[in-house]
J.: 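My structure is below; once you've seen it, I'll send some questions.
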Amino acid sequence: MAVQRLIEAHLRDRCGVDTQAVRDCFIWNGLQSEVDPGGESDVEEEFLHRAGVEFERQAALTPTPADRALLCLWVHHSSVRAWNHTYRVDMLMKCMARFRDLVRRAWDLDGAPDVSVELALRLCDLVREEIALEDALKTGSRPRYTEALDKVIGSCAGLLHDAGAEGGPVGGFVEGEVAVRRQYHLVLRDLHRALVAQSSGQRERFEVRKVLRRLVNAWPFSSVELSKMNAHRQALERLREAQKDKWMRIDEGRIVYLFPFGVTGVDYEAIRARLKRSFAGPGAGAVRPLAVIDHFTYHADIWEPRLEKEKRFDGLELVLPKVRLQVDGDTVEELNAALRFSPMGVHSLRLERNVEDLYPSQLHAAMFRAAREHGTVEVSCEGSGAVWDRLSRFARDLIGRQLPEELAPRADLDGAAAVEGPPVCIHRGRSHVLVRVLRASERDREFDQTLGDEARPLVQDGRRLLELTGSSVLLHAAPDAKESLWDWIRLADDHSKRIWNQRNQGDLLISTENTTVIAALDAPNFISGDLEAIAEFTACLSGMLAAWNHQLDAYRAGVAEIIAGYALPGADRTAQMEAMKRKRMQMLEFEGETRQVIALLHSPGLLRSPSNSASLRRLLAAKHIDDQLEGFSARLNEVMADQSEATLQRWEGDRHQRVRDSLTAAVSALSVCAAISIWQAAGFWSPAGWGAATVVVAAWAAVYVAAQWVSYNGGLWSTVRFLADAPARAVRRAHLRAARLRLRRIARP
């Protein structure tokens, strides 16, 4: 750190480089809140543009090769610092590549290369390779991780050789940094090989404790590096302890990835009509459905058929082409995909596949597929021609980009009036992983193969399943970070809520933050299928709740805007009052709909079977959906108790009181003028005096009435516009009266 402080001081004091601005280029949380406070969109392009402008500006302040090399080393330090505290490593790598490309062009390194600058840039590239190594780790693929690890070690060896040959202060610094990195990755490779050997039942000779104790004293590893090596060591020791125990293997099962979302600005019938029309013609987006089905629920008989149409969880399904995940050369996963829309407002993107012969490490990786932090894999969809780098990116593009375009009102489909409607917005919920274990067996170790007709004991119930090595994977939420491919062996704290004996003795349902596991091992598939349908419905409620909360936020923002607009000089206050009444009526309708849905979720009338209703109530409590519904109800009560409309009505009453006051003043002035005429006729006082008094009274009345009228309309210019529009309003009223008379004549017998 002392060297980094010296580099920062030199760049700041000698060159005028804003080192804090360079460091901020690798921090985008603040930019996210600035560009998109709602967090609905991706700010990657905006972030890279601003970072590129800042890099170009700072690079112009470094005239000498030594200053440029130090700037590259400062970028290296900033990127490593950001890497330890971010999940968006893809943005980090793109930002580093943007810096490299900009400075090579700005400093003409291709035409006039400098050894020290090239070494510093290669050190930055080494960080990108290390990030790619961690990315390969998160895919759960042993071949990819081994290949990436060997590549990083080879790059360290090459850079170490070149830095030693170059010499100088920059070369010496790079040599010291790379030597530590190379030794660290050599230890990782030895640990990885030891873990593979131990999992395969082989006897490994790697003395982890002694080696790590020696390395800590010999090499200046950072706390982050030491924690990762310690994680590997703990995994290896736990594997040794588990060798005498039985291991879990999922012989047959199904895994479902759910991406719930809610839609605002359009109702279910409009969604149904627009999607059917939109996908009927050619060119319907990157992902084109194969079929459109009116009823998607496979277990449709579990839902009460006498429910009203708008309260059912059985609606439109867009069957999408197969989605393929190319994890590595040996692993290709094919998923069935569909978009589902229900009249209740519970919508989701659903991807599923059957699984066979999964050991804990493979199941651990499979449950991680839907996470945004998952490693880079090749995701493709048949017929689309596009490739995504994560399953979550595929879901984001389909739900967040293509779907709003297909749902947007268009004049050719809905008529010209529909184009003026509210915008269609998609609100994503939390992704969810649903695992259904159909058949599981006991094994001696991971990679244990069945020889010939040798049969392994089948797991009979959920209690025995949880006693096996590797069952801890089922008790935790899908992970968001990894230190080794054997992280599952170190899972100690149980985050799950277990629901026992759903139907039969030993049936198990495990609920975590974003995972549901169903293990009804001695029950027919259709029984566990019912539980899967209920669990899927419960998981998808997060999208509906996201849309509901957005509508509350939008209502509050709209009310605040109306009140602010009402108080502006020259505002059309009648229009503001009408807008407030419309919003209040919409909120009353929204309140009625949401309260009906909440009541329906807890009523026995949603599902036909009492046992299914009991399962749903347990899941609502286990998934904390009840807490979320309670929080939403509290917010809804606050909104409905809001006195904004009453405030506007009071203000409007004050405005109308001014009109009444002006009429009273006018009548009083006329009465006084009439009295003056009587007194003048009776001969009291002089005619000139009475004339002056009449002028004074009339002038006071005119000024008072005009002031009240201008105040009623919100200002002088508003009053002028009101008077200018008076003839047009009179014509419209006359036309309306004439139309009513014609209709009455037509209606007469």
J.: Considering non-hydrogen atoms only, spot the tightest contact between Pro343 and Gly315 and give its length.
T.: CD-CA, 4.1 Å

J.: Output yes when Asp90 and Arg372 qualify as a salt bridge under the 4.0 Å nitrogen-oxygen rule, no when they do not.
T.: no

J.: Hydrogens and angles aside, do Glu130 and His185 bring a side-chain donor and acceptor to less than 3.5 Å of each other?
T.: yes

J.: Report the C-alpha separation of Lys623 and Thr516 in whole Å, then their side-chain angles, then the decisive distance to 0.1 Å, and conclude whether the side chain to side chain donor-acceptor pair (under 3.5 Å) test is met.
T.: CA-CA 9 Å; Lys623 291 289 183 186; Thr516 303; 2.7 Å; yes

J.: In terms of side-chain geometry, is the basic nitrogen of Glu333 or Arg353 positioned less than 4.0 Å from the acidic oxygen of its partner?
T.: yes

J.: Taking the side chain as every heavy atom from C-beta outward, state whether Val327 and Arg369 have any pair of such atoms under 4.5 Å apart.
T.: yes

J.: State, yes or no, whether a side-chain contact exists between Val263 and Ile426 at a heavy-atom distance under 4.5 Å.
T.: yes

J.: Less than 3.5 Å apart, any donor N or O on the side chain of Asp389 or Thr376 sitting next to an acceptor on the other?
T.: no

J.: Under 6.0 Å between ring centres, would you say that holds for Trp303 and His295?
T.: no

J.: Hey, what's the ring geometry for Phe341 with Phe261, parallel, tilted or perpendicular (30° and 60° as the breaks)?
T.: perpendicular

J.: Is it true that Ser199 and Trp486 share a donor-acceptor pair across their side chains at a distance under 3.5 Å?
T.: yes

J.: According to the interplanar angle, ranging from 0 to 90°, do the rings of Phe26 and Phe55 count as parallel (below 30°), tilted (30 to 60°) or perpendicular (above 60°)?
T.: tilted

J.: For a 4.5 angstrom cut-off between non-hydrogen side-chain atoms, does Arg443 reach Tyr359?
T.: yes

J.: Are any non-hydrogen side-chain atoms of Phe99 and Leu121 less than 4.5 angstrom apart?
T.: yes

J.: For residues Leu351 and Val256, determine if any side-chain heavy atom of one lies less than 4.5 Å from a side-chain heavy atom of the other.
T.: no

J.: What class does the angle between the rings of Phe368 and His374 fall in, given that below 30° is parallel, 30 to 60° is tilted and above 60° is perpendicular?
T.: tilted

J.: Using only heavy-atom distances, determine whether the side chains of Ser528 and Arg436 contain a donor-acceptor pair under 3.5 Å.
T.: yes

